[in-house]
Amino acid sequence: MAGLAFTARPRKPGANGKPGQRVTQAVLIGIAVLFLGIFIVLPLAIVFSMALSQGWAAYVDALVEPDAISAIKLTLLTAAITVPANMIFGLLAAWAITKFEFRGKSFLITLIDLPFSVSPVISGLVFVLLFGLQGWFGPWLQEHDLKVVFAVPGIVLATMFVTFPFVARELIPIMQEQGTEEEEAAFTLGASGWQTFWRVTLPNVKWALLYGVLLCNARAMGEFGAVSVVSGHIRGHTNTMPLHVEILYNEYNFVAAFAVASLLALLAIVTLILKSVLEWKLARDRKQPIVHTA
Amino acid sequence: MSATISRLPFKPQPSVIPGFGITLGLTLFWLTLIVLIPLVSLFLKSASLGWPSFWEIITAPRVLLALRLSFSTSFIAAAVNGIFGLLVAWVLVRYEFPGRRLVDALIDIPFALPTAIAGIALTTLWAQSGWLGALVAPLGIEVAFKPLGIVIALIFVGLPFVVRTVQPVLQDFNKEVEEAAESLGARPWQIFFNVILPSIMPAALAGFALAFARALGEYGSVIFIAGNLPMVSEIAPLLIVIKLEEFSYPEATAIAAAMLVISFILLLIINALQRWAERRERRR
């Protein structure tokens, strides 16, 4: 996905000379644009249209209401814990996988990717089974007056599970392409492990890392299914933004629901804009090491 | 092309670079803690039910109907995405038109937009009085709160997969083959179906399978638009949530384990398809 920018060949717009082909072209473009308009543009548009349907005052009111504020805070808190954790994990995993040869490596990558193929609902369920009242650690937790499920720790764990592969998955391919030559050179010149990591590896992968962090953050803030299962929906306490949207919507409070939703839609749009910028930088980063290892 | 580079017969000298033990150790530790123990506990829990009661749970009519609905709607949505995804990828790679880059960026919206937001937006759009619902209502078509609504939501979430798997393959497609066919007198549609389609098929199938797998587990975007009538418009992930809310843990666990096995099988198929696609790519 990320390599698109530099694999693209210059197109030849003049190549479709024949009038028949030009008609086909126009029809196909038309169908594609119509399809994307219906399935992508209109859903985005209606979020903002509904959010502002009662004017700015109602919009702002919905966002500064205490339950909305606490939902926003919880969402930020969850992202603030899960994103750095996944970032550190991603760097560790990518270092182990790309700088060394060992058996079972591709199996390890499959295991890291596993959360992608698990339904969000199941991702939440597994933590209820572990930490819920009827779960394995449930009685012990209750004895010690600790709450995981239907509390913030459960939300963090479920979010950690669904966002687990994001950073590692962006780092592994680019670090594999870059090889180990530069690190080896640094060590030969007497650099320590940390120095090499900070001055050689990290600068080389910074855009890929940021890219992974960006996607991880978007998912962490927007996760619904997994969090819904473990949250218990306690208003003002265990409601994240997407859960708050659900409650407002089910109460037919559409303006408020879409107002909070519009914040998440904005996050998605900003994420995609930054992603496009990063893809461009990433393509440039990928080009460089290939040039001097070839 | 990235895969070929990583497969060069170049072996790093592990002795020079430090940190193997600690990074691999921490990776395995964290992976076990966050992913493996929770997943294994699900299987252990469902195994503790015993085979007869497991089987009884997942063959109950309500469960079977939910699974059937999940599979059929996911399949239809993935098929629609297969066809339109190919078309969109084709248009983006082959044609130059104003706003092409914007259209290209929009493809990823379903990846970035939280599913619950997609759910309420699509429901509002396709409700009888909604922008699109009102358009199709005179034709006697109801979308929201019907199985058709589920398909619409699943088309949305699966949309990027086929486009993003086909796009790079189409970009790397060797135009000389096409020109050769053209100079031999092949018509444009013949070139497409006999020359281009066979070579992008593995990628398209992989994209289809990814969209299908994603659709099977999808929850957030579907529950708002589905109507959620038991036996009629209740998808399998929703049934898990309902069982959980009724504190029927064994049932929730059994349905989840069954779905998990299905998605792992799909994952194997997807991996095989992608390897096949890569092999074809390298042979050329």
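Basis for what follows: all heavy atoms, side chains included, without hydrogens, waters or symmetry-related copies. A, B, ... follow the sequence lines: proteins, then strands. Residue 1 opens every chain. All values derive from a computational prediction rather than experimental measurement.
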Checklist entry - Hey, are the side chains of B/Tyr249 and B/Leu49 touching, using non-hydrogen atoms and a 4.5 Å cut-off? => result no

Checklist entry - In terms of heavy-atom pairs under 4.5 Å with chain B, which of A/Phe254, A/Trp136, A/Phe127, A/Phe116 leads? => result A/Trp136

Item to check | Charged N-O contact under 4.0 Å between B/Arg94 and B/Glu178 | outcome: yes

Item to check | Winner by heavy-atom pair count (cut-off under 4.5 Å) against chain B, out of A/Leu111, A/Thr271, A/Ile97, A/Val229 | outcome: A/Leu111

Next on the checklist: Under 4.5 Å from any heavy atom of chain B, what part of A/Leu114 do you find: side chain, backbone, both or neither?
Outcome noted: side chain

Checklist entry - What part of A/Phe164 gets closer than 4.5 Å to chain B, counting heavy atoms only: side chain, backbone, both or neither? => result side chain

Checklist entry - What part of A/Ser228 gets closer than 4.5 Å to chain B, counting heavy atoms only: side chain, backbone, both or neither? => result side chain

Checklist entry - Is the B/Trp90-B/Phe192 ring centre distance short of 6.0 angstrom? => result yes

Checklist entry - What part of A/Val41 lies closer than 4.5 angstrom to a heavy atom of chain B: side chain, backbone, both or neither? => result side chain

Next on the checklist: Is A/Ser117 in contact with chain B via its backbone, its side chain, both, or neither, using a 4.5 Å heavy-atom distance?
Outcome noted: both

Item to check | Euclidean distance, A/Thr188 OG1 relative to A/Glu183 CD, rounded to 0.5 Å | outcome: 11.0 Å

Checklist entry - Taking B/Thr165, B/Thr115, B/Thr123, B/Leu113 one by one, which has the highest count of heavy-atom pairs under 4.5 Å against chain A? => result B/Leu113

Item to check | Engaged part of A/Ile46 at the chain B interface, taking heavy atoms whose separation is under 4.5 Å | outcome: both

Checklist entry - Looking at B/Phe161 versus B/Phe111, is the centre-to-centre ring distance below 6.0 Å? => result yes

Item to check | Contacting moiety of B/Leu159, where chain A heavy atoms sit under 4.5 Å | outcome: side chain

Checklist entry - Heavy-atom distance under 4.5 Å to chain B: side chain of A/Ile29, backbone, both or neither? => result both

Checklist entry - Which atoms of B/Ala213 come close to chain A, meaning under 4.5 Å heavy atom to heavy atom: side chain ones, backbone ones, both, or neither? => result neither

Checklist entry - Are A/Lys275 and A/Glu279 ion-paired here, with the side-chain N under 4.0 Å from a carboxylate O? => result yes

Checklist entry - With only heavy atoms counted, which part of A/Phe35 is less than 4.5 Å from chain B, the side chain, the backbone, both or neither? => result side chain

Checklist entry - Are A/Leu157 and A/Val230 close enough that some pair of their side-chain heavy atoms sits under 4.5 Å apart? => result no

Checklist entry - Of the backbone (N, CA, C, O) and the side chain (C-beta and beyond), which part of A/Leu36 lies under 4.5 Å from a heavy atom of chain B, both, or neither? => result side chain

Item to check | Residue A/Phe102 versus chain B: region with a heavy atom under 4.5 Å | outcome: side chain

Item to check | Atom group of A/Leu44 that falls short of 4.5 Å from chain B, counting heavy atoms | outcome: side chain

Item to check | Parallel, tilted or perpendicular: rings of B/Trp126 and A/Phe39 (30°, 60°) | outcome: tilted

Next on the checklist: I'd like to know which of A/Val47, A/Leu214, A/Leu42 tops the heavy-atom pair count under 4.5 Å against chain B.
Outcome noted: A/Leu42

Next on the checklist: For A/Thr98, is there any backbone N or O sitting under 3.5 Å from a side-chain donor or acceptor partner on A/Lys105?
Outcome noted: no

Next on the checklist: Ring centres under 6.0 Å, that's the criterion: do A/Phe89 and A/Phe166 meet it?
Outcome noted: no

Checklist entry - Under 4.5 Å between any side-chain heavy atoms of A/Arg219 and A/Leu215, yes or no? => result no

Checklist entry - Between B/Ile152, B/Val103, B/Leu216, which residue shows the highest count of heavy-atom pairs closer than 4.5 Å to chain A? => result B/Ile152

Next on the checklist: If I measure from the heavy atoms of chain B, does A/Ser123 come under 4.5 Å with its side chain, its backbone, both, or neither?
Outcome noted: neither

Checklist outcome for this item: Whatever's closer than 4.5 Å to a heavy atom in chain A on B/Ala256 counts as both

Checklist entry - Does a side-chain heavy-atom distance below 4.5 Å link A/Phe161 with B/Leu39? => result yes

Checklist entry - Which of the residues B/Ile255, B/Val88, B/Leu210, B/Ile37 is involved in the greatest number of heavy-atom pairs with chain A at under 4.5 angstrom? => result B/Val88

Checklist outcome for this item: Counting heavy-atom pairs under 4.5 Å with chain A, the top scorer among B/Ile120, B/Ile270, B/Leu36 is B/Ile120

Checklist outcome for this item: Looking only at B/Phe156, B/Trp131, B/Phe247, the option with the highest number of non-hydrogen pairs under 4.5 Å against chain A is B/Trp131

Next on the checklist: Less than 4.5 Å to any heavy atom of chain B: does that hold for the side chain of A/Met221, its backbone, both, or neither?
Outcome noted: neither

Checklist outcome for this item: From the list B/Gly19, B/Ala236, B/Gly119, the residue making the most non-hydrogen contacts under 4.5 Å with chain A is B/Gly19

Item to check | Full working for salt bridge (charged side-chain N to carboxylate O under 4.0 Å, His left out) between B/Arg100 and B/Glu96 | outcome: CA-CA 7 Å; B/Arg100 193 182 57 86; B/Glu96 192 62 69; 3.5 Å; yes

Item to check | Contacting moiety of B/Phe20, where chain A heavy atoms sit under 4.5 Å | outcome: both

Checklist entry - Which region of B/Leu106, side chain (C-beta onward) or backbone (N, CA, C, O), has a non-hydrogen atom less than 4.5 Å from a non-hydrogen atom of chain A, or is it both or neither? => result both

Checklist outcome for this item: Residues at least two apart in sequence or cross-chain that pass side chain to side chain donor-acceptor pair (under 3.5 Å) with A/Glu246, listed by chain then number, are none

Checklist entry - So do the side chains of B/Ile240 and B/Met259 get within less than 4.5 Å of each other, counting heavy atoms only? => result yes

Next on the checklist: Please classify the contact of B/Leu125 with chain A as side chain, backbone, both or neither, using a heavy-atom distance under 4.5 Å.
Outcome noted: both

Checklist entry - Are B/Leu238 and B/Ile235 side-chain neighbours, meaning at least one heavy-atom pair lies under 4.5 Å? => result yes

